[in-house]
Amino acid sequence: MSDYRAPVKDMRFVMDELAGYKELSQYPDFAEATPDMADAILDEAAKFSGEVLAPLNRIGDQQGCKLTDSGVVTPPGWKEAYKAFCDAGWNGIASSVEYGGHGQPDTLAIAVKEMVCSANLSFSLGPLLTTGAVEALMICASNELKTTYLEKMVTGVWTGTMNLTEPQAGSDLALIRSRAEPQADGSYKVFGQKIFITYGDHDMTDNIVHLVLARLPDAPPGVRGISMFLVPKYLVNADGSLGARNDAYCVSIEHKLGIHASPTCVMAYGDNGGAVGYLLGEPNRGLEYMFIMMNEARLGVGLQGIALGERAYQQALGYARERKQGRDAVTGEALVTIDKHPDIRRMLMLMKCRVEACRAMAYFTSGLLDRAHAVTDPEEKKRQLWLAEFMIPIVKGGGTEMGIEVTSLGIQIYGGMGFIEETGAAQHWRDSRITTIYEGTTGIQANDLLFRKLMRDQGATARVVFGEVAATAKALAASPRPELQAIAKRLGEALQAWIKATEWLAANAKTGLSGVLTAAVPYLHLAVTVSGGWLMGRAALAAAGYLDKAEGDQAFYRAKIATAHFYADQMLPQAAAYGETVRAGDAALVDLLDELFG
């Protein structure tokens with residue numbers, strides 16, 4: 001199995017040319033975000049991910065986690081790797097300096113997170129959930145709770161979880177039954193069961209901070225009556241030391257298709273008298289607060305698909321360069337390595353271009369979030385934030401669907417050996433398969449894009465994106481390079497498909513809801529396809545600029561242009577088909593009888 005090597009050169013290119021990292025140091029909050037700082041951090045993160053985390057990936061997959069009488073036990077090497085991870089400061093790289101973080105921009109942190117996910121996805125999930133919990137506490141926790149919990153969570157001394165789903169609820173959180181009863185001292189007793197809780201229990205830290213959705217006794221029905229509570233595994237004394245064990249226990253762990261070393265727990269609260277919890281923010285606003293974590297998590301899960309796609313690509317490329325089979329289609333030479341065969345080259349380039357396109361979308365979105373944080377003008381802050389929020393379902397849905405398809409292509413390149421567990425190719429596909437499901441399925445991302453993002457401002461944010469895509473196409477068309485002109489033509493045609501599909505959705509949103517809902521996922525795929533082509537086009541323009549000036553790594557820049565050209569030829573034509581599918585709506589479903597399903 002090939003070792004993982006972080007694609008630092010491509011990460012840095014995307015950070016600088018597409019996500020705007022080079023401009024961030026002009027803002028006071030990111031004054032230390034210098035090129036030298038980025039180089040040092042990325043180099044160290046690449047070394048840590050490759051040398052410490054990647055070797056544990058196979059071990060974690062084979063041995064998984066175990067539930068014992070004393071709690072969940074992680075695989076060999078996990079505790080030591082987690083301690084090293086926290087000691088090196090990776091857990092709080094983008095968190096507030098006030099609470100022990102390093103305050104680095106998300107545009108830099110996302111590259112570090114990608115490395116960790118590529119090296120060992122199961123390991124990365126614990127820090128991911130902790131980061132989301134930290135964000136929620138920063139916004140809605142009392143000063144007392146912040147003082148007690150935040151520094152230990154930011155530095156990784158304690159981890160955090162998010163507890164939403166229950167056996168009867170699934171994604172419909174209006175159905176949750178967990179309850180919280182107020183106590184005389186201002187705390188609450190929490191009762192209920194939660195399922196699919198990532199890192200709900202483990203042996204890497206001595207405390208775990210659960211954020212739990214539950215209902216107060218007088219709560220209104222539905223999602224309007226959900227509050228959020230902080231429920232620690234161990235209570236914390238006034239001096240910061242750990243106190244009594246709380247009534248919050250993992251009662252089982254799931255046996256899963258992949259991510260075996262990430263404990264997915266069934267959590268029971270209050271089976272022995274009630275779990276002590278503390279209200280976060282205002283009553284009945286828990287779902288609103290949880291979406292703070294959710295946005296962070298959805299961007300992170302999109303990144304997981306990208307990370308696994310990168311790992312699968314590296315492994316497939318390494319195998320294709322070593323495996324000898326068949327004749328060269330051009331020269332007729334016998335027994336060549338399979339990377340010389342046109343179909344293998346096609347699959348490798350599909351893997352490469354789709355990973356790079358989704359990486360560009362994820363890093364670009366992080367740049368928007370950084371600017372939304374750093375700018376002071378309220379209108380500009382809102383503009384950057386709304387653009388980022390528009391992109392998040394595209395990154396989540398696109399990155400995860402891509403990850404499944406690209407890791408599957410990796411198995412295909414291996415042939416029969418890819419279906420054999422010993423080669424390791426299958427693990428990437430198995431690990432990726434959950435990513436389109438947790439933190440909101442692809443269908444949920446599509447509905448979020450349509451109803452919460454596209455229609456909340458009557459398409460104004462979408463039109464900003466359309467304008468940016470059109471400007472990129474125009475710049476590509478003005479280039480003297482034929483390959484950039486070819487990208488421009490494909491991108492312009494794809495943009496028109498996106499615009500027409502958007503207009504159809506807007507026209508049918510009120511009178512044809514069933515058709516709009518049927519079209520939601522195809523519309524998401526359309527948005528992903530065109531957004532990827534747009535940013536690949538921008539990458540090609542930047543690369544051409546360096547070639548014209550004869551600066552930097554010329555081979556790398558030629559590869560960027562070639563990859564963007566391949567994406568334009570192989571991926572952007574699909575936009576027209578997605579557009580047709582969107583506009584078909586539910587025409588083929590309207591008269592479909594239940595009996596026809598068999």
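- Within the model, atoms CG of Leu287 and CD1 of Ile226 stand 5.0 Å from one another, a figure rounded to the nearest 0.5 Å.
- The side chain to side chain donor-acceptor pair (under 3.5 Å) analysis of residues 39-56, with sequence neighbours excluded, yields the pairs Arg12-Asp39.
- With values rounded to the nearest 0.5 angstrom, Asp328 atom CG is found 11.5 Å from Leu335 atom CG.
- The 12-atom threshold is exceeded at OH of Tyr82, counting heavy atoms of other residues, nucleotides or ligands nearer than 6.0 Å.
- Partner Tyr149 forms a side-chain contact (heavy atoms from CB on, under 4.5 Å) with one of Glu151, Met153, Lys152 and no other, that one being Met153.
- In terms of modelled atom types and a separation under 3.5 Å, the side chain of Gln168 and the main chain of Leu175 share a donor-acceptor contact.
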Inset, instruction - Please test Ile259 against Thr198 for side chain to side chain contact (heavy atoms under 4.5 Å, CB included), starting from the C-alpha separation and ending with a verdict. - result: CA-CA 10 Å; Ile259 54 169; Thr198 300; over 6 Å; no

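- The two residues Thr155 and Gly100 have their closest heavy-atom pair at CG2-O, 3.9 Å.
- The aromatic rings of His210 and Tyr269 sit perpendicular to each other, their planes meeting at more than 60°, with 30° as the lower class boundary.
- Residues Val154 and Ser96 are not in side-chain contact: their nearest non-hydrogen atoms beyond the backbone lie 4.5 Å or more apart.
- Proximity of a side-chain donor or acceptor of Asp370 to a complementary backbone N or O of Asp106 within less than 3.5 Å is detected.
- His102 meets the ring pair (Phe, Tyr, Trp, His ring centres under 6.0 Å) test with no other residue; sequence neighbours excluded.
- Of the possible donor and acceptor atoms, one in the side chain of Thr131 sits under 3.5 Å from a partner among the backbone N and O of Pro127.
- Partner of Glu310 under the salt bridge (charged side-chain N to carboxylate O under 4.0 Å, His left out) criterion, out of Arg5, Lys352, Arg359: Arg359 alone.
- Applying the ring pair (Phe, Tyr, Trp, His ring centres under 6.0 Å) criterion to Phe419, with sequence neighbours excluded, gives no partner residue.
- With hydrogens and angles disregarded, no donor-acceptor distance shorter than 3.5 Å links the side chain of Arg433 to the backbone of Thr436.
- Pairs passing the salt bridge (charged side-chain N to carboxylate O under 4.0 Å, His left out) check and including a residue from residues 394-405, sequence neighbours excluded, read Arg354-Glu405.
- Side-chain polar atoms of Glu114 and Tyr363 form a donor-acceptor pair below 3.5 angstrom.
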Legend entry - Worked check of side chain to side chain contact (heavy atoms under 4.5 Å, CB included) between Leu150 and Val134: CA-CA 7 Å; Leu150 268 179; Val134 165; 3.9 Å; yes

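- Atoms CG and CD, from Asn57 and Gln427 in turn, are 4.0 Å apart once rounded to the nearest 0.5 Å.
- Across every non-hydrogen atom of Thr107 and Ile110, the tightest pair is O-CG2, 3.5 Å.
- Applying the ring pair (Phe, Tyr, Trp, His ring centres under 6.0 Å) rule to Tyr578 yields the partners His525; only residues at least two apart in sequence or on another chain are considered.
- Looking at Ser178 and Glu166, their side chains do bring a donor and an acceptor atom within 3.5 Å of each other.
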Legend entry - Residues Met349, Thr563; criterion side chain to side chain contact (heavy atoms under 4.5 Å, CB included); working and verdict: CA-CA 7 Å; Met349 280 301 291; Thr563 306; 4.0 Å; yes

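- A perpendicular orientation is assigned to the rings of Phe123 and Phe85, their planes being inclined by more than 60° (bins at 30° and 60°).
- The shortest side-chain heavy-atom distance between Asn295 and Glu135 does not fall under the 4.5 Å cut-off.
- One finds the CE atom of Met536 at 10.0 Å from the CE atom of Met361 (value rounded to the nearest 0.5 Å).
- The shortest heavy-atom contact between Leu299 and Ser366 is CD2-OG, 4.0 Å.
- No side-chain donor-acceptor contact under 3.5 Å links Asp271 to the backbone of Asp247.
- Without hydrogens or angle criteria, Arg321 side chain to Thr337 main chain gives no donor-acceptor distance under 3.5 Å.
- Rounding to the nearest 0.5 Å places CG of Leu242 at 9.5 Å from CG of Leu235.
- Under a 4.0 Å N-O distance rule, the pair Lys560/Asp10 qualifies as a salt bridge.
- Phe364 is linked by a ring pair (Phe, Tyr, Trp, His ring centres under 6.0 Å) to Trp534, counting only residues two or more places apart in sequence or in another chain.
- The distance from atom CZ of Phe566 to atom CG of Leu348, rounded to the nearest 0.5 Å, is 9.5 Å.
- For the pair Cys65 and Ile253, the tightest heavy-atom approach, listed with the atom from each and the gap, is O-CD1, 3.5 Å.
- Formation of a donor-acceptor pair under 3.5 Å by the Asn246 side chain with backbone atoms of Ala275 is not found in this model.
- At most 12 heavy atoms of other shown residues, nucleotides or ligands fall within 6.0 angstrom of atom CZ in Arg327.
- Of all heavy-atom pairs spanning Glu254 and Val266, the tightest one is OE2-CG2, 3.4 Å.
- The heavy-atom pair separating Trp78 from Ser122 by the smallest distance is CZ2-CB, 4.1 Å.
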Legend entry - Derivation of the side chain to side chain contact (heavy atoms under 4.5 Å, CB included) call for Ile41 and Trp90: CA-CA 10 Å; Ile41 289 175; Trp90 300 123; 3.8 Å; yes

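- Within 6.0 Å of the NZ atom in Lys79, the count of heavy atoms belonging to other residues, nucleotides or ligands does not exceed 12.
- The residue from Arg58, Gln62, Arg430 that alone fulfils the side-chain hydrogen bond (donor to acceptor under 3.5 Å, both in side chains) condition with Glu421 is Arg430.
- Remark: side-chain polar atoms of Asp431 are not paired, donor with acceptor, to backbone N or O of Gly258 under 3.5 angstrom.
- Ion pairing between Lys340 and Glu333 fails under the 4.0 Å rule for side-chain N and carboxylate O.
- Classification of the Tyr319-Tyr414 ring pair by plane angle, with boundaries at 30° and 60°, yields parallel.
- Heavy atoms of other residues, nucleotides or ligands lying less than 6.0 angstrom from CD of Gln412 number 12 at most.
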